[in-house]
Structure formats: structure tokens, C-alpha cells
Student: 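One structure, pasted below without further comment.
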Amino acid sequence: MAVGESKAEAAAGEAAGRDFIRDIVAADLTSGQHKTVVTRFPPEPNGYLHIGHAKSICLNFGVAEEFGGRCHLRFDDTNPTREEQEFIDAIARDVRWLGFDWGGHLYHASDYFERLYEWAEHLIRAGLAYVDDQSQEEMRVNRGTLTEPGRNSPFRDRSVDENLDLFRRMRAGEFPNGARVLRAKIDMASGNINLRDPVLYRILHAAHPRTGTEWKIYPSYDYAHGQSDAIEHITHSICTLEFEDHRPLYDWFLEHLPVPSRPRQYEFARLNLTYTVLSKRVLTKLVQDGHVAGWDDPRMPTIAGLRRRGVPPQAVRDFVKRIGVAKANSVVDAGVLDFSIREHLNKTAQRRMAVLRPLKVVIENYPEGHDEDLDAVNHPDDPSTGSRKIKFGRDLYIERDDFMENPPKKFFRLSPGAEVRLRYAYFITCKSVVKDDKGKVVELHCTYDPATRGGNAPDGRKVKATIHWVSAAHAKTAEVRLYNPLFNKPDPAGGEGFASDLNPQSLEVLKDAWLEPALVGGNSAEPVQFERLGYFVADPDSTPERPVFNRTVGLRDTFAKEVGGKA
RNA sequence: UGGGGGAUAGUUCAACGGUAGAACAGCGGACUCUGACUCCGUUAAUCUAGGUUCGAAUCCUAGUCCCCCAGCCA
């Protein structure tokens with residue numbers, strides 16, 4: 001840090017250049033336009049947060065953190081007909097889980113209802129707002145179209161006194177829903193439809209999660225948002241692209257009201273992901289219509305769903321950092337998220353063995369009724385995690401995929417006559433195959449080489465594959481849930497047609513999986529790697545008798561890719 | 001046909017008048033007691049046409065294509 005340089009200025013030098021938002025903030029700090037940066041994340045509590053919100057959260061909280069400022073969590077609760085306490089709680093929980101802290105700066109737009117009301121009267125007195133008695137339909141017709149100007153309301157020129165009287169009676173609850181609205185008096189001929197006398201207040205006889213039945217009128221988003229920003233001294237109000245043409249209106253309110261500060265709005269492109277839909281409307285429908293088990297179904301792109309699937313918050317933050325922030329609409333390949341998840345879990349998850357689709361193996365030359373302990377490391381790249389003992393015996397389970405009776409050239413796992421290594425155990429050779437009356441392979445008979453105990457051959461002989469296994473006598477049974485993309489098209493319909501793009505194979509339940517005993521009873525929420533398979537985490541549905549594991553993400557599988565895919 | 005935005009490798013993002021670069025994906029190889037990880041190499045882009053300039057992804061002009069807006073939703 002240079003002499004005389006503030007902390008914020010020093011931070012500005014480092015964070016600048018990452019994206020255009022940070023460039024703006026850095027410039028405002030170095031120019032002295034602002035001494036400190038204040039941002040906000042303003043969710044409407046009408047649903048759960050999803051990965052798209054995570055982008056916004058990381059941007060707003062991230063910018064504040066990097067530049068030594070602060071970020072407020074503000075619930076945009078201006079519409080009691082769709083907002084619920086459950087969502088308020090879930091949102092706060094999810095933001096915290098992502099690793100962000102709003103300190104004491106938790107707010108609600110409803111905290112400002114009284115002040116917003118006073119400012120509405122201020123606009124009326126200034127001749128800048130009026131009560132309109134037109135029906136919703138009349139307003140729509142008179143708003144004009146994209147190419148034709150609108151027409152002034154017949155109530156547009158009411159006197160200040162009449163407007164004040166009517167507005168107060170609206171507040172007092174004298175009129176039914178929809179009877180009247182308060183509108184700004186701007187310009188019915190504006191090319192920007194948001195400026196054609198937008199609605200400031202509508203009558204809503206509805207109970208609000210925080211203010212109860214105190215209010216009969218509620219402010220619109222446009223009227224509430226900028227002023228809330230101003231009240232909180234937000235410096236940079238960051239939102240998504242679709243609000244870009246609301247900015248003139250945002251500015252109009254701030255110019256005509258005695259607000260305590262002057263925030264600026266900046267817009268960035270929202271996140272889109274292949275094979276998923278990030279529309280609150282559709283996500284809500286998925287839950288309501290039972291296409292998924294709930295907001296936290298591990299197939300959902302919600303923060304709660306990702307968490308239950310075992311995705312670590314660090315991976316979500318890394319993902320957001322990777323995809324950047326810009327103004328061009330884009331669709332990010334879902335594989336990028338998978339990469340971030342694997343990258344983090346590869347470093348942190350301990351290794352265990354589990355067999356998902358079991359095939360029985362009998363080691364013919366291993367003594368019956370005997371077993372032994374073998375050593376297995378918990379993490380090959382992190383010796384500090386130590387090792388554990390695993391049981392070996394005569395009867396084992398291996399993965400069905402790891403055996404082929406008539407293997408193609410490139411298959412180097414088990415097949416008749418072939419020798420492979422059982423991880424941490426012995427080399428085994430397949431001697432014979434047992435089939436049922438339908439010709440299905442049900443059991444393998446193998447021999448083991450006692451000299452290869454631990455996994456190395458004293459004669460230096462090599463095998464082409466190492467496969468995972470569990471001891472049949474010691475393994476614990478479990479249910480394992482595999483998740484595939486919720487939609488089967490890279491660009492699923494975001495509107496009414498979404499249901500026809502749902503992937504019928506999005507959930508695959510394996511009820512006959514076997515786990516090494518070390519995996520059971522720890523009731524740990526820590527993700528683990530099932531060797532050669534992927535990353536898994538215990539699901540809350542687990543019971544002591546019946547563990548349930550979710551696959552967070554599979555390991556990269558270049559073999560499957562080469563031969564044309566497996567589950 | 002109104003208003004507001006946006007176009008750079010397959011994808012996402014850099015380059016802010018001076019050698020178009022990264023990540024993911026792809027392809028090839030090395031290593032390996034995970035067909036993982038890691039490492040090495042490699043394919044691959046400035047929407048089009050003019051203009052300004054010694055020099056243009058960047059500035060100018062004219063087009064093309066894409067997205068958003070006609071809720072008393074946010």
C-alpha cells in the first residue's frame with residue numbers, strides 16, 4: 001500500500017480488472033466519488049435461492065469484501081400476496097451457507113413503508129403523482145403499445161388536495177383491491193414504457209409476513225427499490241439486465257425526492273446453465289407439481305439442492321469466479337460447475353470403497369472362514385488424514401462394470417483369464433464364471449496371489465487395472481442415489497413447455513449398494529470419494545440401519561467416454 | 001415500424017489505439033495401486049462492409065443477428 005493510500009484505494013488496485021462492475025467501483029473509489037462501497041443483495045422472499053442468485057450474491061458480497069466496504073441483505077418484501085416467512089428463513093440460511101456475512105445489516109423494504117408513504121405524498125404535493133381510478137384493463141389499453149404512444153388518464157389532472165384525500169383513504173383501506181392506484185406523472189408518450197406513468201402503489205388487502213394487516217396499500221418494486229437503496233446509502237445497486245430500462249425511472253424518483261444519498265444502478269447478465277432452468281416460476285412449479293421432492297431436491301439448481309447433493313460452498317464460489325461478469329446474455333456449460341466441484345472435493349474428500357452394482361467374487365484359494373486387515377490410505381495426496389484398516393475375505397463384491405466376459409481390445413479390467421489388482425489387497429485372476437439359467441453372470445471364481453498382499457508383486461509384474469471391492473462378510477448395505485441433469489435438453493423450454501423437457505432418468509436409485517464399514521455410523525455430512533466412482537455424501541434420509549448416499553458428481557471417466565458411456 | 005442492451009475460439013470471460021490471452025470443453029502424450037488427480041503438448045475466435053490511423057477487437061459510418069420492455073410481479 002502506497003503512502004497516503006487508503007485501504008479501499010489499495011484494494012481497488014487489486015480487484016480492478018476482474019470485470020466491468022469492479023472497474024466502476026475501483027474508479028469511483030480512486031476518484032473520491034465514494035469513500036467506501038456499499039452494495040446489497042435484494043431477494044424477493046417468494047421462493048428459494050438458486051445458483052443464479054449465487055452469482056449475484058458473490059458479486060455483491062464479493063465486491064464489498066474486496067473493496068473493504070459492506071453488503072446488506074435486504075428482503076424486497078413489497079408483495080405480500082406471494083411472499084412467505086419460510087422463504088425469508090431459507091434465503092438467509094443459504095446466503096450464510098455460501099459463506100457471506102451481512103453483519104448487522106439485515107433489512108426489509110417493509111422497514112421503509114412509512115417513509116416511502118411520506119415520499120409518495122411529497123410527489124403528490126409536487127404535482128408529480130396522482131390517483132388513477134381506471135380499471136386495470138383501461139390502464140392497459142391506454143398505455144399504448146411498443147410502437148404507439150399511450151393516452152393520458154382522465155384522472156391525470158386531479159387537484160393535489162383530491163389526490164391527497166384519495167391516497168390517504170387508499171391507505172385507510174376504504175377501497176377494495178384494484179379500485180385505484182397511485183401513479184407517477186411522467187410521460188405517457190415515452191418510448192420507454194416504464195416511464196408511461198408507472199404505478200407507485202396498489203391496494204392490497206393482504207397480510208404481510210412482517211407488517212401484518214397494518215397496510216392496505218403496498219409500493220411497487222420500482223417505487224420501493226431505489227429509495228430503499230438511498231436510505232441505506234447503497235453506492236452501487238447491482239441488478240440484472242432486464243432492469244436496464246427501469247434505470248431512468250430509478251433515477252427519476254431519486255431526483256424528485258429528498259433522499260439522503262444518491263445510489264447508481266448497474267446491470268449485468270444473469271446466469272444461464274445448460275440442462276437446467278433458472279426461473280423461479282418454473283422451479284416453483286417443479287416443487288408444486290411434484291416433479292421433484294422439494295426445494296432441496298438434489299436435482300434442483302437451488303442452493304439448498306446443491307447443498308443436499310453435497311456441493312461445497314467453496315465450489316459454488318469458485319464456479320462464480322470462473323464464469324465472470326459481463327453484459328452479454330450467455331449460457332454456461334454445466335460442466336464448468338462439475339469441474340469446480342471436483343476440483344475442491346478432490347483436495348478435501350477422503351477416499352473410501354463402495355460397490356454400487358455388486359457382482360459376487362469368490363476367491364477359491366483363500367481359506368474359508370478366514371479374514372484379515374489391510375491398510376488403506378484416507379487421502380493419497382494428504383498423509384495427515386492417515387489410514388484405516390479394511391477387511392479382506394474369501395467372498396467379495398466388485399462392480400459389475402469391472403467385469404466383461406468378452407472384453408473389447410481396450411478393456412483392461414477383469415475378464416476370464418485376466419489378472420487385476422484389488423485396491424490395497426491382492427492381485428486376482430478370474431478362473432471361471434457362474435451364470436444363472438438365463439445366462440446372466442452372477443458370480444466369478446478367482447484365485448489370488450498371496451505374495452501380492454498390499455497390492456504389489458515382488459516379482460515386479462504389472463497389471464493393467466486396479467479395481468475397487470468390498471468384503472461381502474463385512475460390507476454394509478446402503479441405498480445410493482445417482483443424479484443426472486433434470487432436463488434432457490441443453491436449452492430446455494423456460495416457459496409452459498418445460499415439463500416435456502424433463503429428463504425421466506434424472507434420479508436413479510440403487511438399492512443394493514455395499515459400503516466398506518468405515519463409511520457407516522459416522523453420520524458425517526462430509527463428502528467422501530467412493531474410489532473410481534465419484535463424490536458422495538450422506539443424505540438426511542439415512543437411518544442407522546439404512547444409510548442413504550447422494551452422488552454429488554462422478555469422477556471424470558475417459559474410458560466411458562471412449563466406449564460410449566455408462567451410468 | 002418505439003425504447004433499452006449485446007455480438008471475441010465449441011462455451012464463458014480478458015485484451016481499455018500497439019504481438020488477440022485464459023479457463024472449461026476437445027484432441028494427443030507422460031505419469032499412476034483410482035481409466036481419477038497431476039504434468040506436457042495441441043486444435044480453435046474478433047458479426048458484415050466501408051472509413052480514420054503507421055497501426056483497429058478497440059474510434060467513425062452503414063448494415064446484420066440476438067436479448068429485454070406493453071403486471072396493480074420483481
Side-chain angles (χ1 to χ4, degrees), chain A residues 17-20 23 42-44 46 76 78-79 81-83 132 134-136 139-141 143-150 177-183 189-196 198-204 217-218 220-222 224-225 239-248 267 269 271 274 280-281 321-333 335-340 342-343 346-347 351 353 376-377 380-381 410-413 421-425 427 454-456 462-468 529-534 554-563:
Chain A
R18 272 237 273 139
D19 55 65
F20 78 100
D23 286 347
E44 183 190 12
N46 66 344
D76 218 330
T78 57
N79 187 348
T81 63
R82 11 203 294 174
E83 294 153 8
D132 196 342
Q134 290 184 104
S135 69
Q136 199 157 175
M139 273 183 63
R140 190 181 63 73
V141 169
R143 188 154 28 232
T145 69
L146 294 179
T147 53
E148 302 158 38
N177 288 353
R180 293 179 227 263
V181 292
L182 183 73
R183 302 177 76 178
S190 174
N192 182 344
I193 291 176
N194 296 116
L195 263 22
R196 319 242 263 227
V199 169
L200 273 46
Y201 273 91
R202 71 284 211 193
I203 298 169
L204 246 32
I217 56 173
Y218 290 91
S220 63
Y221 163 85
D222 283 309
H225 203 95
C239 63
T240 45
L241 252 29
E242 66 269 27
F243 294 103
E244 203 146 18
D245 48 17
H246 290 238
R247 183 160 17 102
E267 310 86 11
L271 172 68
T274 57
K280 241 193 233 178
R281 218 207 104 258
K321 196 170 188 172
R322 267 169 203 285
I323 61 175
V325 179
K327 294 196 68 156
N329 295 109
S330 61
V331 184
V332 175
D333 188 327
V336 179
L337 211 212
D338 289 345
F339 179 87
S340 291
R342 288 192 192 105
E343 185 179 59
N346 178 48
K347 288 189 210 123
R351 314 281 122 128
M353 289 204 282
V377 302
D381 304 321
K410 294 257 191 89
F411 185 88
F412 36 83
R413 276 110 93 153
R421 171 168 38 231
L422 293 180
R423 178 139 226 213
Y424 299 124
F427 286 13
N456 292 299
K462 300 285 184 198
V463 288
K464 280 196 288 189
T466 299
I467 65 173
H468 57 97
Q529 183 193 102
F530 289 178
E531 296 227 28
R532 303 208 310 129
L533 295 173
L555 255 28
R556 242 180 112 231
D557 191 344
T558 49
F559 175 71
K561 201 163 52 188
E562 196 176 329
V563 299

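Chain letters run A, B, ... following the sequence lines, proteins first and then strands; every chain starts at 1.
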Student: Touch check for A/E44, heavy atoms < 4.0 angstrom, all strands: base, sugar-phosphate only, or nothing?
Tutor: sugar-phosphate

Student: Regarding A/N456, tell me which of base, sugar-phosphate or nothing describes its non-hydrogen contacts under 4.0 Å with the strands shown.
Tutor: base

Student: Would the base of B/rC68 count as contacting A/N329 through its side chain, where contact means a donor and an acceptor less than 3.5 Å apart?
Tutor: no

Student: Of all the choices, B/rG6, B/rG35, B/rA70, which nucleotide is nearest to the side chain of A/K327 once you look at every atom?
Tutor: B/rG6

Student: Give A/K347 one of three labels, base, sugar-phosphate or nothing, depending on what nucleic acid heavy atoms sit under 4.0 Å from its own.
Tutor: nothing

Student: Side chain of A/N79 only, please: which of B/rG3, B/rU34, B/rC73 is the nearest?
Tutor: B/rC73

Student: Quick check: closest heavy atoms across A/D76 and A/E83, and the distance to 0.1 Å?
Tutor: O-OE2, 3.5 Å

Student: Let's test this: given Watson-Crick or G-U wobble pairing with both distances under 3.5 Å, identify the partner of B/rA62.
Tutor: B/rU48

Student: Does A/R556 make a side-chain N or O approach to OP1 or OP2 of B/rC37 shorter than 4.0 Å?
Tutor: yes

Student: Under 4.0 angstrom, heavy atoms only, what part of the nucleic acid is A/T78 near: base, sugar-phosphate, or nothing?
Tutor: sugar-phosphate

Student: Is A/Y221 stacked on the base of B/rA74, with ring centres under 5.5 Å apart and planes under 30° apart?
Tutor: no

Student: Using a cut-off of less than 4.0 Å, is there contact between a side-chain N or O of A/R143 and OP1 or OP2 of B/rC72?
Tutor: yes

Student: Write down the atom of A/E44, the atom of A/N79, and the distance for their closest heavy-atom approach.
Tutor: OE2-CB, 4.1 Å

Student: For A/F20 and A/K327, which heavy atoms make the closest approach, and how far apart are they?
Tutor: CZ-CG, 3.6 Å

Student: Using the P atom as the reference point in each nucleotide, state the distance between B/rU52 and B/rU46 in Å, no decimals.
Tutor: 23 Å

Student: Write down the distance separating the C1' atoms in B/rA62 and B/rC68, rounded off to the nearest Å.
Tutor: 25 Å

Student: From CZ of A/R196 over to C1' of B/rG2, roughly how many Å is that when rounded to an integer?
Tutor: 8 Å

Student: Going by the glycosidic torsion and a 90 degree boundary from 0, is the base of B/rG71 oriented syn or anti?
Tutor: syn

Student: Using atom CG of A/L241 as one end and atom C1' of B/rC69 as the other, report the distance to the nearest whole Å.
Tutor: 12 Å

Student: For B/rG35 and A/R532 - does any side-chain N or O of the residue sit under 4.0 Å from the phosphate oxygens OP1/OP2?
Tutor: yes

Student: From the options B/rC37, B/rC16, B/rC68, select the nucleotide whose nearest atom is closest to the side chain of A/D23.
Tutor: B/rC16

Student: Does a nitrogen or oxygen in the side chain of A/R281 sit under 4.0 Å from OP1 or OP2 of B/rC73?
Tutor: no

Student: Could you tell me which nucleotide pairs with B/rU38 by Watson-Crick or G-U wobble geometry, both distances under 3.5 Å, or answer none if nothing does?
Tutor: B/rA30

Student: Classify the side chain of A/R351 versus the base of B/rU34 as yes if they form a donor-acceptor pair under 3.5 Å and no if they do not.
Tutor: yes

Student: To the nearest Å, how far apart are A/R247 CZ and B/rG5 P?
Tutor: 7 Å

Student: NZ of A/K561 versus C1' of B/rA36: gap in Å, rounded?
Tutor: 12 Å

Student: Please evaluate the base of B/rG35 for a donor-acceptor partner in the side chain of A/D557 within a cut-off of under 3.5 Å?
Tutor: no

Student: Please give the nucleotide sitting opposite B/rU8 as a Watson-Crick or G-U wobble pair, both distances under 3.5 Å, or none.
Tutor: none

Student: In the strands shown, is B/rA20 matched to any nucleotide by a Watson-Crick or G-U wobble pair with both distances under 3.5 Å, and which?
Tutor: none

Student: What nucleic acid atoms does A/E343 come within less than 4.0 Å of, heavy atoms only: base, sugar-phosphate, or nothing?
Tutor: nothing

Student: Return the orientation label for the A/F243 and A/H246 ring planes: parallel under 30°, perpendicular over 60°, tilted otherwise.
Tutor: perpendicular

Student: Classify the side chain of A/R413 versus the base of B/rG35 as yes if they form a donor-acceptor pair under 3.5 Å and no if they do not.
Tutor: yes

Student: For A/P380, report the nucleic acid contact type (base, sugar-phosphate, nothing); a contact means any heavy atom under 4.0 Å.
Tutor: base

